[in-house]
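To start, the structure under review is shown below, and the notes come after it.
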There are 2 protein chains.
Amino acid sequence: MGIVERKEREREEMRELILEAARKLFLAQGFDKTSIRNIAEAIEYSPATIYLYYKDKNELLYSLHEAGFQKMMKDFSIVEAIKDPFEKLITLGNQYLKFAIDNPELYDLMFIMDAPMETLSCREEAWDEGARSFEFLKITIAECIEAGHFKNTTDIENASLTIWSFMHGLLSLHLRKRMAFFEDDREMERIQNAFKLFIEMIKCTY
Amino acid sequence: MGIVERKEREREEMRELILEAARKLFLAQGFDKTSIRNIAEAIEYSPATIYLYYKDKNELLYSLHEAGFQKMMKDFSIVEAIKDPFEKLITLGNQYLKFAIDNPELYDLMFIMDAPMETLSCREEAWDEGARSFEFLKITIAECIEAGHFKNTTDIENASLTIWSFMHGLLSLHLRKRMAFFEDDREMERIQNAFKLFIEMIKCTY
DNA sequence: CAAATATAATAAACAGTGTTTAGTGAAAAT
DNA sequence: ATTTTCACTAAACACTGTTTATTATATTTG
């Protein structure tokens with residue numbers, strides 16, 4: 001009898017329905033301003049129903065987390081066509097910048113918000129999507145080292161963390177409005193210039 | 001008659017009483033977990049009273065903001081005794097790291113949280129405390145350039161933003177638990193190593 | 001097929017949140 | 001002594017995430 005199969009399928013469809021509604025609302029109006037009741041209303045179910053499919057709001061956030069990493073990895077995949085390792089690294093950086101600026105709410109969720117990281121499942125099974133992205137950076141850097149860059153650096157993980165830190169810092173200062181005191185509206189230009197300078201710094205490193 | 005003066009003084013004392021209670025609670029249990037009702041209870045007043053002295057919770061957060069910058073600037077002041085500009089910059093970086101790690105809730109409020117930045121007063125009058133800190137970094141970098149570092153860099157503001165971005169990125173990845181997937185407990189060591197590598201990168205930049 | 005059971009969905013409640021409003025009692029001014 | 005001003009608060013408003021007890025329906029069993 002295929003009843004259990006059908007029920008399982010229906011359950012998965014319901015999970016997807018909730019997640020899709022959540023994503024739309026979250027990306028449209030932000031995470032804080034989206035309530036369980038909003039999501040329930042959007043799918044025309046009672047708020048309590050959502051709790052039959054997701055443990056709590058954090059688990060819902062966390063599911064979007066994974067989708068975000070998948071999207072980012074897809075954006076990254078275009079660099080695989082590039083042969084020159086350093087050119088690859090630069091393009092990877094540009095793709096990271098573009099991803100964050102095009103999907104600010106998603107980037108915020110993945111790298112800035114602290115709510116989803118408090119979920120237990122986080123340290124365990126998942127964020128290996130996050131770890132995989134970091135691995136991608138590590139591989140690219142390893143290729144750069146092999147091609148003669150980062151001459152005095154042997155610790156690939158350290159180099160990766162350093163580069164990630166800079167990129168993330170630049171973006172989160174922007175996303176969390178800490179560059180606002182510059183008062184002009186050349187914020188994008190400033191981001192581009194800082195990125196260029198950092199690239200120069202990497203180039204020079206003997 | 002000194003009645004208006006006394007009333008003004010009493011008002012200032014009340015503002016201070018509220019702020020002090022808020023700071024204690026915020027730093028002890030975090031910002032999200034501290035409510036207006038908690039603060040009111042601590043000072044033995046009704047929640048509504050707080051609104052007679054502060055427009056809303058954000059204005060309260062924002063007042064702590066300023067105190068945070070003052071504390072940070074005080075921590076920075078020890079570098080003024082250092083003569084060598086580059087040594088000065090390194091120490092400034094170390095002080096910034098130390099401030100963030102010793103005062104995680106304060107750092108979060110000042111540089112990561114988005115709530116206080118939505119306050120109107122923010123873009124205007126204040127965050128000039130923040131701008132002043134950035135100015136301090138700029139001056140230090142200008143001295144480094146004068147002493148022969150950053151040979152190909154003329155844009156001081158860009159160099160400052162680049163350095164700030166790296167420092168902030170490293171710290172916010174740590175504070176927001178995005179380095180947790182490393183799984184070992186050498187997070188502090190990783191932060192130190194990334195900092196050292198970045199210093200090397202600056203040194204090398206022709 | 002009818003009775004018993006399992007289950008999906010929900011209304012309502014719980015315990016909290018930031019904030020506003022209407023009203024009270026005491027201090028200050030007339 | 002009376003009026004006015006003003007600090008203060010109880011209570012309410014409109015929310016929030018989450019849990020519980022209940023109902024209606026679908027499935028299984030006798």
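Just so it is clear: chains get the letters A, B, ... in the order the sequence lines come, proteins before strands, and each one is counted from 1. All heavy atoms count here, side chains included; hydrogens, waters and symmetry mates do not.
One interatomic measurement links the two molecules: CG of Leu52(B) to P of dT20(C), which rounds to 11 Å at whole-angstrom precision. One can place CG of Leu25(B) at 15 Å from C1' of dT17(C), the figure rounded to the nearest angstrom. For the pair Tyr53(B) OH and dT19(C) P, the computed distance is 18 Å after rounding to whole Å. Here dA9(C) presents its P atom at 14 Å from OH of Tyr54(A), a figure rounded to the nearest Å. Remark: P of dG17(D) and CD of Glu59(A) are 15 Å apart, rounded to the nearest angstrom. Per the geometry, CG belonging to Leu60(A) stands 10 Å off P belonging to dG17(D), to the nearest Å.
Among residues at least two apart or in separate chains, ring-ring contact (aromatic ring centres under 6.0 Å, His included) pairs with a member in residues 12-41 of chain A are Phe26(A)-Phe31(A). Each salt bridge (charged side-chain N to carboxylate O under 4.0 Å, His left out) pair with one or both residues in residues 73-94 of chain A, not counting sequence neighbours, appears once here: Lys88(A)-Glu143(A). Applying the salt bridge (charged side-chain N to carboxylate O under 4.0 Å, His left out) test to residues at least two apart or on different chains, the pairs with a partner in residues 92-113 of chain A are Lys98(A)-Asp102(A), Asp108(A)-Arg176(A).
Qualifying side chain to side chain contact (heavy atoms under 4.5 Å, CB included) partners for Pro47(A), counting only residues two or more places apart in sequence or in other chains: Ile36(A), Arg37(A), Ala40(A). Evaluation of the salt bridge (charged side-chain N to carboxylate O under 4.0 Å, His left out) rule for Glu44(A) yields no partner, not counting sequence neighbours. By the side chain to side chain contact (heavy atoms under 4.5 Å, CB included) test, Glu187(A) pairs with His174(A), Met179(A), sequence neighbours left out. Applying the side chain to side chain donor-acceptor pair (under 3.5 Å) criterion to Asn38(B), with sequence neighbours excluded, gives Ser35(B). Scored by the side chain to side chain contact (heavy atoms under 4.5 Å, CB included) test, Lys196(A) finds Asn193(A) as partners (sequence neighbours excluded). Every residue meeting the side chain to side chain contact (heavy atoms under 4.5 Å, CB included) condition with Ala159(B), not counting sequence neighbours, appears here in chain and number order: Leu197(A), Ile141(B), Thr153(B).
Defining each end axis of the helix from dT5(C)-dA26(D) to dT30(C)-dA1(D) as the rotation carrying four pairs' C1' atoms onto the next four, with five pairs an end, the two axes are found to diverge by 30° to 10 degrees.
For DNA chain C, the neighbouring residues in residues 26-51 of chain A, judged by any heavy atom under 4.0 Å, are Arg37(A), Tyr45(A), Ser46(A), Ala48(A), Thr49(A). Proximity of residues 7-15 of chain A to DNA chain C (heavy atom under 4.0 angstrom from any strand atom) is restricted to Lys7(A).
Phe99(B) has its ring centre no less than 6.0 Å from the ring centre of Phe111(B). Tyr96(A) and Tyr107(A) have their aromatic ring centers within a separation under 6.0 angstrom.
When each of dT10(C), dT18(D), dT27(D) is scored by its nearest atom to the side-chain atoms of Lys57(A), the top-ranked nucleotide is dT18(D).
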